[in-house]
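Structure first, commentary second.
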Amino acid sequence: MRSILIFSLILRHDTRTLRSPSRSRAKRDRELGTLTWLEEGQGQPLILLHGIGSDAGSWGSQFTAFSATRRVLAWNAPGYATSSPLEGGPKNPTRYAELLAESLNALNVGTCAIVGHSLGALTAARFMRLYPDRVSALLLSSPASGYGQEEQDDLLPALKERLTDVETLGPAGMAAKRAARTLSPGAGPDLVHQAAEAMARVSITGYRDAVTLLSRGSLSADLSALPRDKIRLITAEHDQIIKPERVHALAEERHLPSPTVIAHAGHASYLENPSGFTAAIEACLASVAASDEA
């Protein structure tokens with residue numbers, strides 16, 4: 001049975017603490033926020049980190065596929081779904097990774113395998129860089145590269161356009177404009193509707209912080225500091241956002257194994273071809289396990 005875990009969480013940058021998980025909604029005040037997770041299954045933990053246009057609810061097929069043999073957990077990043085946005089302080093991969101670590105501590109998760117999709121790859125890689133002994137496998141699906149900007153830098157035009165869309169059109173209007181590009185060109189209207197529904201659930205504040213996270217991250221820099229044997233990349237055949245050639249180039253640059261390719265899917269491969277996504281995760285986990293035994 002899938003559980004909703006809701007943490008009382010101080011989200012102010014200067015005094016952040018994580019309290020015990022509760023299965024009922026935490027009461028909020030001026031400082032207290034919530035960070036929510038979905039959880040199902042038992043066994044070795046598998047952590048799922050969503051991208052900029054989705055949330056924990058987008059992983060339904062993966063919960064079904066993996067919860068029979070693993071403890072599957074997916075967070076709603078700060079400002080997404082029922083998680084509160086961050087308050088003050090930097091919006092960079094280190095802060096998101098530290099929040100992830102605090103959450104996993106409260107969930108009694110030690111070593112785990114992590115799947116970071118798109119923007120989630122930046123948090124996942126930084127988490128492994130900060131806490132290398134806690135990650136048994138780092139699987140990055142259609143990973144965002146980040147732009148490596150400093151805190152004082154102005155956002156690049158492409159990132160400003162994202163903010164303009166969500167602030168002028170609202171989440172639903174932005175989803176109507178952008179959701180189809182997360183799928184392959186031949187995706188049917190039902191899939192487009194599902195992708196748009198997930199994207200429309202974002203909050204403006206959460207999306208704004210996620211865009212800042214995207215600007216500050218540098219996936220290549222983080223990967224250069226990590227052990228290659230635990231990292232695997234995944235791409236999708238028809239990804240229009242993080243094109244397959246970019247993922248292959250990243251693998252070559254960082255001397256990683258060739259990416260696993262999910263056929264017949266665009267950027268939201270977990271939604272468009274869930275069985276292919278599941279097979280890719282299983283293959284990558286098996287590959288890392290084999291390298292550990294070698």
Side-chain angles (χ1 to χ4, degrees), residues 11 33-36 38 48-61 74-87 91-93 95-96 116-123 141-147 149 153-217 219 236 238-243 246 265-274 277:
L11 289 167
T34 58
L35 191 65
T36 59
L38 296 181
L48 306 175
L49 305 181
H50 62 79
I52 197 169
S54 56
D55 55 29
S58 301
W59 295 111
S61 295
W75 81 343
N76 288 305
Y80 279 73
T82 49
S83 287
S84 304
L86 300 172
E87 292 187 17
K91 314 299 193 305
N92 57 31
R95 188 171 182 196
Y96 279 74
H117 179 75
S118 193
L119 183 68
L122 296 178
T123 297
S141 164
S142 295
S145 299
Y147 292 89
Q149 291 190 278
D153 293 342
D154 289 336
L155 291 178
L156 296 171
L159 300 177
K160 289 182 178 179
E161 181 183 355
R162 284 181 174 271
L163 294 184
T164 298
D165 282 350
V166 75
E167 290 168 355
T168 60
L169 303 175
M174 177 190 67
K177 176 181 177 179
R178 290 181 173 267
R181 286 196 69 238
T182 68
L183 303 167
S184 66
D190 287 347
L191 277 174
V192 174
H193 178 71
Q194 290 180 58
E197 273 193 326
M199 192 175 292
R201 291 196 294 264
V202 306
S203 71
I204 293 176
T205 301
Y207 192 83
R208 185 186 298 120
D209 290 346
V211 168
T212 304
L213 168 64
L214 179 59
S215 77
R216 305 294 185 247
L219 182 62
H238 302 297
D239 195 331
Q240 304 174 71
I241 296 173
I242 309 293
K243 295 184 181 295
R246 285 178 54 186
H267 188 67
S269 53
Y270 54 87
L271 175 65
E272 190 168 6
N273 185 358
F277 190 92

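All heavy atoms count here, side chains included; hydrogens, waters and symmetry mates do not.
N76 contributes atom CG, which lies 8.5 Å from atom CZ of R201 (distance to the nearest 0.5 angstrom). Considering CG of L122 and CG of L214, their distance stands at 6.5 Å, rounded to 0.5 Å. The distance from the CG atom of D154 to the CG atom of L159 is 11.5 Å, given to the nearest 0.5 Å. Rounding to the nearest 0.5 Å places CG of D239 at 10.5 Å from OG of S184. Here the straight-line distance linking atom CG of D209 with atom CZ of R216 works out to 11.0 Å at 0.5 Å rounding. One finds the CG atom of L48 at 10.5 Å from the OG atom of S54 (value rounded to the nearest 0.5 Å).
Relative ring orientation between Y80 and H50 is described as tilted, the plane-to-plane angle lying within the 30° to 60° band. The aromatic rings of W59 and Y270 lie tilted to each other, with the angle between the two planes from 30° to 60°.
Although no hydrogens or angles enter the test, the distance criterion places no donor-acceptor pair under 3.5 Å between the side chain of S215 and the main chain of Y147. The closest donor-acceptor contact from the side chain of T164 to the backbone of K160 lies under 3.5 Å. In this structure, the side chain of T182 does not engage the main chain of R178 through any donor-acceptor pair within 3.5 Å. In terms of modelled atom types and a separation under 3.5 Å, the side chain of Q240 and the main chain of L183 share a donor-acceptor contact.
Ring to ring, H238 and H267 are not that close: their centroids are 6.0 angstrom or more apart.
Under the 3.5 Å distance criterion, with hydrogens and angles disregarded, no donor-acceptor pair is assigned to the side chains of S118 and S142.
Side-chain contact between M199 and P171 is absent, with no heavy atoms from C-beta onward closer than 4.5 Å. By the 4.5 Å heavy-atom criterion applied to side chains, I204 and L163 are not counted as neighbours.
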message: Using side-chain hydrogen bond (donor to acceptor under 3.5 Å, both in side chains), reason through Y207 and R162 one step at a time and then give a plain yes or no.
response: CA-CA 9 Å; Y207 192 83; R162 284 181 174 271; 2.8 Å; yes
- prompt: Going through the checks in order, is the side chain to side chain contact (heavy atoms under 4.5 Å, CB included) test met by I241 and R181?
  reply: CA-CA 7 Å; I241 296 173; R181 286 196 69 238; 4.0 Å; yes
